[in-house]
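Each chain gets a letter, A, B and so on, in the order its sequence line appears, and its residues count up from 1. FYI, side chains are in, hydrogens and waters are out, and symmetry mates aren't considered; it's all heavy atoms of this structure.
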Amino acid sequence: MKNPSILARKILGYLLLFLIALFIIIPIYALFIASFKDGTDMVQNGINLKIVLSEMNLDNYAMLFSKAALRYWVWYKNSMILVFVQVALTLIVSALVAYGFAAYDFPFKNFFFFFVLLIMSIPFEIIMLPLYQQINEMKMADTYSAIFLPFLANASTIFFFRQYIIGIPREIIEAGRIDGATEYGIFFRLIIPIMKPSFAAMAILNGMNSWNNVLWPLLVLRTDQKFTLPIGLNTLVTPYGNNYDLLIVGSFFAIIPIVTLYLCFQKYFIEGMTAGSVKG
Amino acid sequence: MKKVFYSKKVAPFVFILPFVLTVIIFWLLPVVKSVVMSFQDVHPGANTWVGFKNFRRLLGDRIFVIAVNNTVKFTIGMLLLLIPIPMMLACVVNSTIMKHTKIFRTIYFIPALTSVVVAGTIFRLILGESDTALMNRILIFFGHDPVKWLKKPGTGYFALLILACWRWIGVNMMYYIAGLQNISRDLYESAAIDGASGWKQFTKISVPLLKPTTTYVLTISINAGLAMFVESYMLYKGNNSPKNIGLTIVGYLYRQGIEKNAMGYASAVGILLMLIVLVINMIQLTLSGFFKKEDA
Amino acid sequence: MKRKLAMFLAGVMALSAVTVGTVGTVFADDAGDYTTIGATDSEDATVIEHWTFTELFTAFYSDMVDKWNEEHPDDLIKINVHVLPYDDMHNKLQIALNSGTGAPDTVDIEISKFANFTEGDNVQLMDLSEQAAPYEKDVLQARLDIFSKDGKLYGAPTHGGATVAFYNTKLLSEAGIDYTTIKTWDDFKEAGSKYYEETGKNFGNLDTSSNMLFNLLVAEMGADYLDADGNLAVNNEGVAKALQLEKDLFDAHAISIVPGGQADADEGYGAYNNGDFTVMIMPLWMSNRWINYMKDCKGNIAVAPAPVVEDTKALSVGGGGTGTAVVKTSPVADKAAEFIAYAKLSPYASEVQWNTLGNDPMNTTTWSDEEFTHNPDNQFLEYYNNNPFDTLNAIKDGFVLLNSQTTKYYPSISNEFNTVVFNAVFEDGDDIQETLDIAQDDLTNEFAE
């Protein structure tokens with residue numbers, strides 16, 4: 001490869017990659033540096049990238065792992081549980097629904113599927129207030145089920161799974177029927193194993209949304225012991241009783257597990273996304 | 001009974017039942033409720049019908065007009081940045097001549113994994129007013145005076161846009177990378193043999209063949225833009241910004257419904273936004289030929 | 001592929017299990033649902049569910065409930081204090097009261113939200129007049145009025161909210177300025193201009209996201225945001241004059257915009273702590289911020305009456321505050337009301353407020369209690385270089401409130417000024433009357449029936 005134009009393209013390409021990477025990394029790096037400094041000072045003077053060893057220490061981390069930060073870990077735990085439950089349930093329910101749409105022909109199928117598309121296009125924020133009233137009337141306020149039930153049959157996940165299942169040869173289903181498997185048996189024993197890569201992709205996307213969901217849990221949750229991590233962190237920036245040390249170091253620490261998870265999962269994520277992606 | 005449950009005719013309905021139930025309880029009912037309330041004055045225990053009053057009031061509401069304006073501006077800004085840049089990044093990352101691109105792919109996706117609470121906090125502090133905050137430091141380095149980033153319309157808009165870009169570049173890039181996997185590498189190779197430059201390959205092969213992905217990304221970006229709220233809420237530590245420069249339609253809905261307890265009026269805002277979203281989506285999907293394909 | 005995936009899933013499970021497990025078991029035992037204070041061991045004690053938006057108040061109530069239990073051994077109380085985020089707590093309270101379920105027994109409501117809860121014919125809060133009667137004559141009337149409506153007292157105030165001037169005497173004397181000679185805004189303007197010219201640093205605070213100073217100016221002008229009939233009129237002459245006065249002070253560099261938009265915010269504390277600003281016109285409850293966030297100014301701050309316009313009757317206007325209310329439908333409403341009146345209005349309550357939170361006491365009997373006002377152990381008295389109670393006594397008869405502050409309009413007026421009006425006039429240099437006219441339109445539309 002001695003072609004000069006290819007070399008130029010390479011240089012240009014890397015330049016673009018580096019610039020954007022810088023843009024992405026700098027805020028996180030700034031937060032990382034800030035996590036070693038005094039939180040109040042950060043909030044008074046803004047954060048920057050200056051490394052002043054004399055002003056930096058591990059106090060914030062010591063605090064994070066002490067009893068003073070107890071509630072932080074409670075939030076952390078809540079978030080983990082909620083993400084786990086929400087993702088597991090959403091994937092199963094959405095896969096069921098997607099299979100129903102992809103593998104069968106039934107009356108009003110297009111009408112129902114139009115529903116999927118319609119829901120995809122209504123931003124949740126619009127129904128948020130009446131839904132909140134309704135949750136209150138149903139005595140579901142301050143419960144985790146109120147947080148994830150409305151998202152259980154997740155329209156974009158259904159859409160994605162449907163694309164994926166359509167790509168599976170119908171012969172597999174027919175072969176299952178000939179072997180005497182029930183309709184549900186076919187789904188659980190034959191289809192789910194094939195769908196695994198798409199599960200990985202959707203697990204990441206749904207997990208990400210659930211982990212970062214702010215607005216809806218903020219409305220639904222009331223007791224501080226039930227707060228999720230974003231809601232909890234948000235309580236640290238009120239006009240009264242600020243706790244910036246915990247906010248900054250806690251914010252930084254909140255990124256770590258989900259990034260770790262993603263790093264392990266990454267390969268399947270791309271595979272799954274590709275297999276279920278919108279085809280031309 | 002058991003037989004019916006297992007029949008091939010009934011099974012699909014069993015499969016889609018959870019979906020239908022969730023939709024009715026958690027989506028359809030609230031939408032209906034919202035429509036009803038938008039024609040009412042809502043007071044505890046006593047809702048009164050007021051016809052189109054809420055909608056009439058909305059049209060004369062200066063702050064609502066500001067909110068619509070801001071939202072449209074944000075949405076357009078997001079579309080202009082968050083479609084071409086991720087598409088180009090995906091092509092570069094995916095290109096055969098580039099090595100070690102995985103690390104970049106990973107880096108770009110980190111913001112998507114970062115809660116908007118955290119992101120908003122970092123950006124608020126980076127954009128702090130003091131001359132020691134990062135952005136002002138950079139300005140001062142280049143001989144410019146420090147700026148109150150979050151207080152002026154231009155810089156406030158910039159701040160929100162930057163935050164949105166930071167969060168979504170990686171996600172959109174992933175959609176494009178996934179889309180690129182469906183384009184045969186042979187196409188690029190034969191184009192290269194024909195002497196097509198990198199830019200030509202991008203515009204003549206990647207862009208047109210990525211159209212389905214672009215349609216999808218466009219749809220979700222328009223929806224996300226029109227529903228924008230938390231970014232502003234976190235950047236401004238609440239729903240109030242100077243002269244409402246960060247107020248969005250959903251922000252106004254939240255303000256009226258939750259902060260001012262005017263559920264009827266807030267519902268009118270919601271219904272109007274829903275109509276806007278539906279109309280834009282219909283237009284956009286029709287233009288991109290989406291419906292034709294679904295019917296086929 | 002399959003094996004890898006299985007391994008991966010196992011890894012995820014293990015990771016979450018370990019995190020949840022360790023964190024859960026280490027800490028679970030310590031984590032209650034809320035903080036219980038008072039007679040925690042008693043089975044018969046009256047249980048009060050209380051909502052608040054700052055942890056600071058938990059310690060205060062803890063002191064008060066212990067004192068109550070000491071004095072009423074047969075009538076014990078315990079309180080479950082739920083601390084919720086500020087905006088969130090008020091929003092949720094509103095919804096709980098409207099829907100009739102999920103409301104607490106007692107709740108701390110911030111003053112800028114208070115009028116939202118006393119609006120309409122069907123107020124869900126209890127009238128505390130009867131329980132407050134024993135203390136009423138000693139408590140600053142303006143503070144009770146602010147939480148009252150139609151002769152009913154719906155909330156027990158937390159502090160006097162006396163607006164005063166804090167002067168950094170060290171910086172001022174370096175510039176040759178004697179703060180005790182500043183009586184009127186003209187004096188203030190002159191001193192400020194001089195200080196700015198000599199040092200290049202800022203003198204007083206102009207808040208663009210808080211109306212503490214502006215309310216004082218409006219009150220001193222004898223004006224209000226409403227007209228004589230109680231209708232919205234934020235563009236009236238008096239308000240415009242007050243805004244013009246603030247603008248004049250701003251143009252003369254006697255006041256400058258505080259970083260972050262207000263003195264009572266983190267960037268503002270920073271500006272005072274490092275000497276970029278010298279004078280602060282704020283309520284006395286800033287004491288607690290001074291000692292915590294502006295430590296470097298210790299020993300240099302003097303508390304004096306705020307400057308006035310000529311011939312005004314108003315010397316101080318109540319700024320900020322929290323009204324503790326009792327929910328009418330609470331099963332323990334009567335007992336809770338009795339306790340709240342005691343815990344907020346009694347002389348002992350005022351003393352605890354000052355000693356633990358630095359809130360200026362509103363039970364005025366304490367102001368002349370030498371032992372209390374000169375308590376050598378008090379961290380706030382130690383911080384200032386003069387005695388704030390001398391200032392309180394000096395302005396005692398000039399304590400006022402704006403009538404609009406008790407109306408349903410006030411939360412919105414306050415919001416409109418803090419987000420639109422001040423930013424337009426001081427950041428963007430918009431015309432005063434035009435800006436006020438726009439504000440009037442916005443507010444009229446909001447309350448259009």
Side-chain angles (χ1 to χ4, degrees), chain A residues 6 9-10 13 16-17 20-21 24-25 27-28 30-31 42 45-49 93 96-97 99-101 104 106 112 115 119 121-123 125-127 129-131 134 149-150 152-153 182-183 208 212 214-215 230 233-234 237 247 251 254-255 258-259 262 266 270 273-274 277-280, chain B residues 6 8 11-12 15-16 18-19 22-23 26-27 29-31 33-34 89 92 97-98 104 106-108 110-118 121-122 125-126 128 130 132-134 137 174 177-179 181-182 198 209 212-213 216 223 226-227 229-230 237 250 257 266 270 273-274 277-278 281:
Chain A
I6 288 197
R9 272 165 63 190
K10 262 185 159 173
L16 179 73
L17 291 184
I20 303 282
I24 300 290
I25 288 284
I28 294 174
L31 185 70
M42 288 306 101
N45 299 316
I47 53 180
N48 54 54
L49 307 177
V93 171
L96 277 172
V97 177
Y99 181 71
F101 279 123
Y104 294 93
F106 53 89
F112 283 123
F115 253 28
I119 286 191
S121 69
I122 300 178
E125 286 80 357
I126 291 175
I127 64 155
L129 298 187
L131 183 62
Q134 194 176 316
L149 280 180
L152 210 50
T182 64
E183 297 299 314
M208 191 177 98
N212 290 334
V214 182
L215 209 49
L233 287 175
N234 189 40
V237 278
L247 173 70
S251 293
I255 306 177
I258 196 92
V259 170
Y262 172 73
Q266 201 181 180
I270 308 253
M273 287 277 286
T274 308
S277 70
V278 206
K279 291 188 180 78
Chain B
Y6 280 106
K8 205 179 142 189
F15 279 118
I16 66 164
F19 172 70
T22 339
V23 169
F26 295 107
W27 291 81
L29 264 177
V31 169
K33 225 175 153 174
S34 204
L89 281 180
V92 173
I97 60 167
M98 307 289 286
F104 291 103
T106 310
I107 290 173
Y108 298 159
I110 292 178
L113 307 168
T114 309
S115 169
V116 62
V117 177
V118 176
T121 306
I122 308 177
L125 296 177
I126 285 180
S130 108
T132 49
L134 182 60
R137 249 168 202 273
M174 283 299 174
I177 289 181
Q181 310 304 315
N182 296 324
L209 287 180
T213 312
Y216 180 73
N223 284 355
L226 292 175
F229 171 51
V230 271
K237 273 208 278 192
V250 174
L273 177 58
M274 189 156 73
V277 171
L278 287 179
N281 279 336

Flag side-chain contact, heavy atom, 4.5 Å: [X] against [Y]:
X         : Y         : value
Thr22(B)  : Leu149(A) : no
Pro18(B)  : Leu152(A) : no
Ser251(A) : Ile122(B) : no
Leu31(A)  : Leu125(B) : no

Separation of Leu16(A) CG from Phe104(B) CZ (nearest 0.5 Å): 9.5 Å
Non-hydrogen atoms of chain A under 4.5 Å away: do they reach the side chain of [X], the backbone, both or neither?
X         : answer
Thr106(B) : both
Leu278(B) : side chain
Phe229(B) : side chain
Ala266(B) : side chain

Show your working on side-chain contact (heavy atoms from CB on, under 4.5 Å) between Tyr104(A) and Glu183(A) and close with a plain yes or no. CA-CA 11 Å; Tyr104(A) 294 93; Glu183(A) 297 299 314; 2.5 Å; yes
Using a cut-off of under 4.5 Å for heavy-atom pairs, which of Val259(A), Ile127(A), Thr182(A), Leu17(A) has the most such pairs with chain B? Leu17(A)
Top of Ile255(A), Leu131(A), Ile47(A) for chain B proximity - count of heavy-atom pairs under 4.5 angstrom: Ile47(A)
Can you tell which of [options] has the highest number of heavy-atom pairs within less than 4.5 Å of chain A?
options                                   : result
Leu226(B), Val23(B), Ile107(B)            : Ile107(B)
Gly270(B), Gly128(B), Ala11(B)            : Ala11(B)
Val250(B), Leu113(B), Val92(B), Ile126(B) : Leu113(B)
Ile177(B), Leu29(B), Val31(B), Val116(B)  : Leu29(B)

Do Phe106(A) and Ile16(B) pass the side-chain contact (heavy atoms from CB on, under 4.5 Å) test, and can you show the C-alpha distance, the side-chain angles, and the key distance before you say yes or no? CA-CA 11 Å; Phe106(A) 53 89; Ile16(B) 66 164; 4.0 Å; yes
